[in-house]
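A short write-up of the structure that comes next.
Just so you know, ligand 1 is whichever comes first in the structure, and atom 1 is the first atom listed for that ligand.
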Amino acid sequence: MFAISTSAIGALLRQFALEDECTEIAEPAELFDGHINHTYVVGAKLSSGLEKRYLLQRINTFVFQKPAELMENIVRVTEFIRQKLPEGQQTLTVYPAKTGAWYHEDAEGGCWRCYNFVENTYSLQAAGKAEDAYRAAKAFGAFQRLIDGFPIDQLHETIPDFHNTQKRYHALEAAIAADAAGRRHAVEAEIAFARARKADTSCLVDLAAAGKLPLRVTHNDTKLNNVLFDRATNEPVCVVDLDTIMPGLSLYDFGDSLRFLGNTAAEDERDLTKVQFDLPLYEAYKKGYLEEAGAALTEEEIRWLPFSIKLMTYECGMRFLTDYLNGDAYFRIHKPDDNLARCRTQFKLVEKIEEHLLGTNT
Ligand code: GN1
Ligand code: MG
């Protein structure tokens with residue numbers, strides 16, 4: 001675990017070019033939503049008297065090995081989006097470090113960035129009702145429209161082959177062969193499950209390579225908790241976690257959203273009887289997404305929407321399994337078997353999707 005004191009967080013915040021100098025810092029709160037970076041909300045009083053909250057994040061440089069390129073993507077995308085937004089609409093702003101760089105490197109080599117904290121919003125860990133799913137779909141659909149036209153060749157690939165399911169499969173096979181953490185014996189059933197679906201891994205990558213699916217600028221991590229909703233109106237305010245904005249397929253974003261939101265259980269639920277694919281939430285999400293982004297989608301993209309949910313769920317399950325076999329190097333864990341539990345919920349959900357959405361049983 002990575003712990004940090006209030007004074008250390010204060011010292012970090014002072015490395016950034018905020019609206020003014022900080023005179024007082026409140027005790028920070030750590031946010032535990034994500035599996036990758038460390039995130040703190042910090043309240044500060046500035047010399048002008050302004051009181052504001054900021055989001056300080058320690059970038060996981062095991063996952064994002066080129067933080068300068070990562071930040072360049074985020075700054076360009078947030079600037080591009082800001083120009084398209086109506087006046088007064090809140091969105092993410094990156095504060096540069098006083099050195100002029102987009103992140104600050106601490107004495108231990110830790111890389112930190114600073115955003116505004118988007119006030120009067122909340123995020124959801126699960127869609128309680130169809131309305132939530134519909135609104136989340138509107139948010140991600142609108143996001144896709146907002147970044148439409150962004151020059152794709154200006155984007156760095158922050159994690160190469162991020163949603164290349166075929167390569168994810170090969171990474172799993174490599175982890176099985178290496179058995180670095182000596183856990184293979186405990187996951188034979190999960191390995192068999194993944195292997196039985198190998199043929200699926202190439203579907204979308206082959207269509208993309210053949211030019212049948214267009215390459216777009218995509219978010220690539222469209223979990224429900226990456227949407228901020230307005231506390232007063234419940235309408236989406238903005239989409240956050242822009243680390244994986246890269247050239248990709250619209251299907252990755254659609255599929256990954258429903259992987260998370262369509263699951264009636266939490267991602268790390270141990271009781272697998274709770275895992276179901278929620279068809280009404282799926283219908284609500286699809287409706288909102290097509291209303292917002294449908295006009296820009298090709299027939300081929302629309303045809304693969306249901307399959308993309310299975311593929312993204314299967315891929316995510318393989319990634320958790322790979323990390324479990326590798327000894328939990330990638331995803332943050334809270335309990336030793338978290339990655340195995342996460343893999344199991346994903347694979348159970350794949351079964352449910354096959355049965356209830358795709359009408360197939362592998
Ligand atoms: C990670 O940032 P976070 O924790 O929401 C991961 C996603 C996975 C997700 C599974 C950069 O997202 O790809 O779908 O966990 N992000 C990265 O919960 O690998
Ligand atoms: Mg993320």
Least distance between heavy atoms, V118 atom then T91 atom = CG2-O, 4.2 Å

message = I need the contact type for D241 against ligand 1. Using non-hydrogen atoms and a strict under-4.0 Å cut-off, is it side chain, backbone, both or neither?
response = side chain

message = Heavy atoms only: which of T222, D323, I36, I159 lies closest to atom 16 (N) of ligand 1?
response = I36

task = Nearest heavy atom to atom 18 (O) of ligand 1 wins, so pick from R332, K223, E315.
result = K223

note = Atoms of ligand 1 under 4.0 Å from any heavy atom of F64, numbered from 1 in the order shown, are 11 (C)

task = Could you tell me whether R58 and E30 make a salt bridge, using a distance below 4.0 angstrom between a side-chain N and a carboxylate O?
result = no

ask   = Looking at R259, Q125, Q346, which hits side chain to side chain donor-acceptor pair (under 3.5 Å) with E267?
value = R259

request  = Report the part of F162 (side chain from C-beta onward, or backbone N, CA, C, O) that has a heavy atom under 4.0 Å from ligand 1; answer both or neither where that applies.
outcome  = side chain

ask   = Less than 4.0 Å between a side-chain N and a carboxylate O, is that true for R195 and E173?
value = yes

key: Heteroatom distance test (N220, ligand 1): nitrogen or oxygen, under 3.5 angstrom   = no

key: Distance-only polar pair, side chains of N234 and Y122, donor-acceptor under 3.5 Å   = yes

remark   = In ligand 1, the atoms that come under 4.0 Å of a heavy atom of Y330 are 11 (C), 17 (C), 19 (O)

ask   = For ligand 1, is R259 a contact, meaning one of its heavy atoms is under 4.0 Å away?
value = yes

message = What I want to find out is whether R270 reaches D338 closely enough, with some N-O distance under 4.0 Å, to be called a salt bridge.
response = yes

task = Identify, by atom number and element, the atoms of ligand 1 in contact range of G34, meaning under 4.0 Å from any of its heavy atoms.
result = 4 (O)

query = Under a 4.0 Å N-O cut-off, is there an ion pair linking E283 with K287?
reply = no

ask   = Side chain or backbone of R319 under 4.0 Å from ligand 1, or both, or neither, by non-hydrogen atoms?
value = side chain

task = Using distance alone, determine whether D33 and ligand 1 share an N or O pair under 3.5 Å.
result = no

query = Judged by non-hydrogen atoms, does D243 sit under 4.0 Å from ligand 1?
reply = no

key: Sole residue of M71, E72, K66 in side-chain contact (heavy atoms from CB on, under 4.5 Å) with H156   = E72

ask   = Which bit of F320 is near ligand 1, meaning a heavy atom under 4.0 Å away: side chain, backbone, both or neither?
value = side chain

remark   = With F254 as partner, the option from W304, F260, Y289 fulfilling ring pair (Phe, Tyr, Trp, His ring centres under 6.0 Å) is Y289

